[in-house]
Colleague: 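The structure's right below; bear with me while I get my questions together.
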Amino acid sequence: MNIKGKKKYFYYLKKILISVFIFFLAIVTICTFITLFYSDKIKDYVVAQINKQLSTELYVEKIEFTALKKFPYISLVFNNLTIKDAINSKNKKDLLKAEKLYLQFNLWDFFKNNYKVKKIELSNATIRLIVFKNGSDNYHFLKTDTTDKENDFSFYLQKIILQNTNFYYVNFINGQNYSLQINRITLNGNFAQTNYSVIASGNSFVNHIKSGQIIYLHNKNLEFKISLDVNDHYYKFKKALLKIGEINFNVEGEFIDKIDNQYLNICIKGENLDLEDFSKELPSNYYSYIANYEAKGKFDLIACVKGYVANNNTPEVEILANLKNAKLKQKYTSVALNDINMNFKFSNGTRKSIESSFIEVNNFSGKLKTGNINGNFKIVNFKQPNITLNVNGALELNTVNDFIHIDTIETITGNIKGNIFFHGQLAKVANFTVKDYINSKVEGEIKVDNCTIKLKNSKQKYANISGDFVFNNNDVIAKDLKGNLIINESNIKNNDFIINGIFTNIIPYIFLKGQNLNVNADFYSNNIEIDKLLVVLNNQQNNTNTNNNPYNFQLPENLNLNLNIRIKDLSFNKFNAYMASGKIYLKNKQIIANEVKIGRASCRERVLD
C-alpha cells in the first residue's frame, strides 16, 4: 500500500471510530436521560399496573430502574421479591421468593408509551408450584379479568431466563413430584400467543422426579436443548436432546398439559450408549446390586410412555434395550463375563399395573473364561411373580465362584454343564413357600465333572465328584454320582462313593425348613471309615461331649433312606469288614439293617473278654 492509500485507509478508520463513539455516547445519553427524568414515573406506573393484575400479595424490598445494565432493554429490578400463594387462605406460604427479578421492556416501545414486558429474568430464587386435590393451584396469581382499554402495560413475553433457582412442583391429583436446582434455563418464544414455537436450553441438578411411588430420576445432572411447537395446551417436540449425567438421549413425541387432563406420548431414545456411564447413573438402591462389578459395552435404549396421567390414570410404559458384546467384571477377582448379548423388555402390561407388569430377557449369552452360558428369562406380575427361566451352559466352577463370590465356599474346582427349565409362581415377592415349589415345574439335566469343594470353617472336603443330575420338578435323579469325602489329606481314597438313585423332594428340603428328603438309591464304595464319618457329623452338629464321646451325634428327623449297600472295605475304629452288603433303612431317626452280608471280618485288638 502506498502512502496515499494508507492516508485514505486511516481517514475512513477514523471516521468509523468517531461514528461508533458518537453512537454509544448517544445511547448512554438517552439511557441517562430516561433514568433521570422517567425512572420514577415508569416505576410507579408499572408497579400500579402489576398490583391491579395480581390476585395475591407481593412484597418488594427495593425497586430499581436501569436502562444500561440490560441494553437494548430498559429494566425494572425487583430486589428481594416475595409473591405469596394465590389461594384463599390466611396461612399462605411463598409461591416465589427471589433475590432479583428483572422485567425488561423494549427501548423503542418505551418512546411509544407501550410498556410491554418482553423478557423476564429471575436469579437466586425459589419457586413452589402446587396442584391441590380439589384441582385448584397456588400459581394462578393473575386476575382473570384485567381488561382495561387505557392500559398500555402488558406481558408480551419472548424470553424467560432462570438462574440459580430451586424449583418444586407437586401435583396431589396425579402424584407428580419434581425437585430441581436450576443452574440456568433459557426459554425463547412468543408466549403471549396461543400458537407458538419454543426453543429451550439449560442445565439443572435433579433432586428427584417422581410419579406416584416410582422415582424416575434421583440426584442427577440434567442438560437439555429442546425445540417444540405449542398449540394452547398441546406440545409437540420438533427436536429435543437430553443429557442425564453422562448419557445422551433424543426425545420424540407430544403431550397435553392441563390441570385435569395430562396426556403423554413420549419416547426417549439412546443409541450406542455407554454401559459403564449408564450403570453409574442408576439410583443407589439399584446400583447396590452391581456395586462389586464394572460394566463395559454399548447398548441401544427406547423408553416410551403413552396415556393419561391425571385422575389416577396410569400411562403405558415400555422399555426396550439391546445389549451387544458387553463385559461385566468382578472388581475384586477381575474375573469377567465377556461377550454379553441380550434383548431386554419391560412393560407395565395391558392393565398398566404392578400385576400386569413384566420383564423379559431374550437371547442372553455370555462367556466366562473358557465357559459359556445362554438362555431366556421372563417374570410376570411383580406382586405374585410368575417366573419362567431357561438356561444352558458349560462353566468352570472355580470361575463361577470367583465371579459371583459365594461367601460360604473356600475353594471349588471342576466343570459343570447342562440345561435347566423352571416355571413357577410365588405367592409373595421374595418369599418362597412349599406351595410355590409344589406348583412349579423344573426340568433339565446337569453334568458335574471332577468337582472338588471345601466349605469355610470345615476340616473336610468333597473331591473328585462327577455324575449326572436329572431334574423332574422337586425330585432329582442321580446317575453315576461318585466322589470322595476327604477327612485325612494323606489318604485321598478314603470314603469314596458311587450313587445311583432318586432324591425325592430335595429342592424343598434344601431351601425350606421342616421338609422331608426321601432317598431311594444304590450305594457302592471301595472304602468307608464309619468312625471318621461320625466325627464329621459330630463336628457339624456342634455337639457338647461331656463324656468325651467323639461319636455322639443326632440322626436327622427329616431324612428317610432306602439304600442298597455294597462296600468293599468297611471299618469302624479297630473293626474291619470286607465285602459288606445289605439294605439300610432310616426313618423317624431309626436305622434298620436287613439282609446284611459280610465276606469276612477282623479286629486288630480284643475288645471284650
Side-chain angles (χ1 to χ4, degrees), residues 53-59 81-98 122 125-146 160 162 165-182 185 187 191 194 204-220 222 228 230-235 253-266 283 285 303-317 348-357 382-383:
Q53 299 187 28
L54 286 179
S55 61
T56 189
E57 298 85 351
L58 181 148
Y59 303 98
L81 166 79
T82 300
I83 298 178
K84 307 302 286 186
D85 286 337
I87 59 176
N88 186 18
S89 174
K90 294 181 180 179
N91 300 318
K92 294 184 178 182
K93 296 182 180 180
D94 298 337
L95 166 63
L96 169 65
K97 197 174 183 67
L122 194 66
T126 298
I127 302 172
R128 294 172 52 258
L129 307 182
I130 302 174
V131 178
F132 300 101
K133 290 183 178 180
N134 61 3
S136 64
D137 62 65
N138 73 330
Y139 52 84
H140 280 81
F141 54 85
L142 294 177
K143 294 178 180 178
T144 55
D145 185 8
T146 56
I160 300 173
L162 303 179
T165 298
N166 294 315
F167 176 83
Y168 304 95
Y169 174 78
V170 178
N171 189 319
F172 289 103
I173 295 177
N174 56 35
Q176 306 298 304
N177 189 324
Y178 311 152
S179 173
L180 296 88
Q181 298 173 17
I182 297 171
I185 288 180
L187 305 172
F191 299 104
T194 302
S204 305
F205 181 82
V206 179
N207 297 315
H208 63 255
I209 292 180
K210 296 172 61 178
S211 178
Q213 299 300 314
I214 301 176
I215 301 176
Y216 290 101
L217 286 179
H218 177 65
N219 291 342
K220 301 299 174 189
L222 175 65
L228 71 160
V230 181
N231 185 351
D232 198 9
H233 294 282
Y234 172 78
Y235 303 80
E254 59 195 2
F255 64 95
I256 297 172
D257 184 22
K258 295 181 179 179
I259 291 179
D260 58 347
N261 182 19
Q262 290 184 316
Y263 177 82
L264 303 176
N265 184 11
I266 297 174
N285 55 327
C304 297
V305 180
K306 183 178 181 180
Y308 292 95
V309 296
N311 300 321
N312 296 320
N313 290 311
T314 301
E316 299 174 11
V317 179
N348 61 354
T350 55
R351 289 182 290 159
K352 296 170 287 188
S353 67
I354 190 172
E355 290 86 354
S356 63
S357 297
F382 293 168
K383 190 173 183 179

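No hydrogens, no waters, no symmetry mates; every other heavy atom, side chains included, goes into these values.
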Colleague: What's the separation between atom NZ in K133 and atom CG in N171, rounded to the nearest 0.5 Å?
Modeller: 11.5 Å
Colleague: For a quick test of reading the model, state the closest non-hydrogen atom pair linking L96 to A125 and the distance between them.
Modeller: CD1-CB, 4.3 Å
Colleague: Regarding E316 and N348, is there a side-chain donor-to-acceptor distance under 3.5 Å anywhere?
Modeller: no
Colleague: How would you list, by chain and number, every residue that makes a ring-ring contact (aromatic ring centres under 6.0 Å, His included) with Y59, sequence neighbours excluded?
Modeller: none
Colleague: Once rounded to the nearest 0.5 Å, what's the spacing between atom NZ of K383 and atom OG of S357?
Modeller: 12.5 Å
Colleague: With N138 as reference, evaluate T56, I87, V170 under the side-chain contact (heavy atoms from CB on, under 4.5 Å) test and give the passing residue.
Modeller: I87
Colleague: Answer yes or no: is there a donor N or O on one side and an acceptor on the other, between the side chain of S136 and the main chain of F132, under 3.5 Å?
Modeller: no
Colleague: To the nearest 0.5 Å, what is the distance between CG on N265 and CD on E254?
Modeller: 5.0 Å
Colleague: Hey, does the side chain of S204 reach the backbone of V206 with a donor-acceptor pair shorter than 3.5 angstrom?
Modeller: no
Colleague: Who passes ring-ring contact (aromatic ring centres under 6.0 Å, His included) against Y178, sequence neighbours left out?
Modeller: Y169
Colleague: Got a sec: does the CG of N88 have more than 12 other heavy atoms crowding it under 6.0 Å?
Modeller: no
Colleague: Output yes when a side-chain donor or acceptor of H140 lies under 3.5 Å from a complementary backbone atom of A86, and no otherwise.
Modeller: no
Colleague: Are the side chains of H208 and N177 in contact, using a 4.5 Å heavy-atom criterion?
Modeller: yes
Colleague: What are the two closest heavy atoms between T314 and K352, and how far apart are they?
Modeller: O-CD, 3.1 Å
Colleague: Are the side chains of R128 and K93 in contact, using a 4.5 Å heavy-atom criterion?
Modeller: yes
Colleague: Working to the nearest 0.5 angstrom, can you tell me the gap between L222 CG and L217 CG?
Modeller: 7.0 Å
Colleague: Give a yes or no answer on whether the side chain of S356 reaches the backbone of S353 with a donor-acceptor pair at less than 3.5 Å.
Modeller: yes
Colleague: My understanding is that only residues two or more places apart in sequence, or in another chain, count here; which of them pass salt bridge (Lys or Arg N to Asp or Glu O under 4.0 Å) with K84?
Modeller: D94
Colleague: So how far is it from N166 CG to N207 CG, rounded to the nearest 0.5 Å?
Modeller: 7.5 Å
Colleague: So, do Q181 and F167 sit near enough that their side-chain heavy atoms are less than 4.5 Å apart?
Modeller: no
Colleague: Mind listing the closest non-hydrogen atom pair of D232 and V230 along with its distance?
Modeller: O-CG1, 3.5 Å
Colleague: For side-chain contact (heavy atoms from CB on, under 4.5 Å), just list the numbers for Q176 and K210, CA-CA rounded to whole Å, side-chain angles, deciding distance to a tenth of an Å, and then say yes or no.
Modeller: CA-CA 6 Å; Q176 306 298 304; K210 296 172 61 178; over 6 Å; no
Colleague: Taking C-beta and beyond as the side chain, do F205 and N219 meet within less than 4.5 Å on heavy atoms?
Modeller: yes
Colleague: Going by the side-chain contact (heavy atoms from CB on, under 4.5 Å) test, name the single residue among I127, T126, L129 that passes it with Y168.
Modeller: T126
Colleague: Considering all heavy atoms of both residues, which atom of F255 and which atom of L264 are nearest to each other, and what is their separation?
Modeller: CB-CD2, 3.7 Å
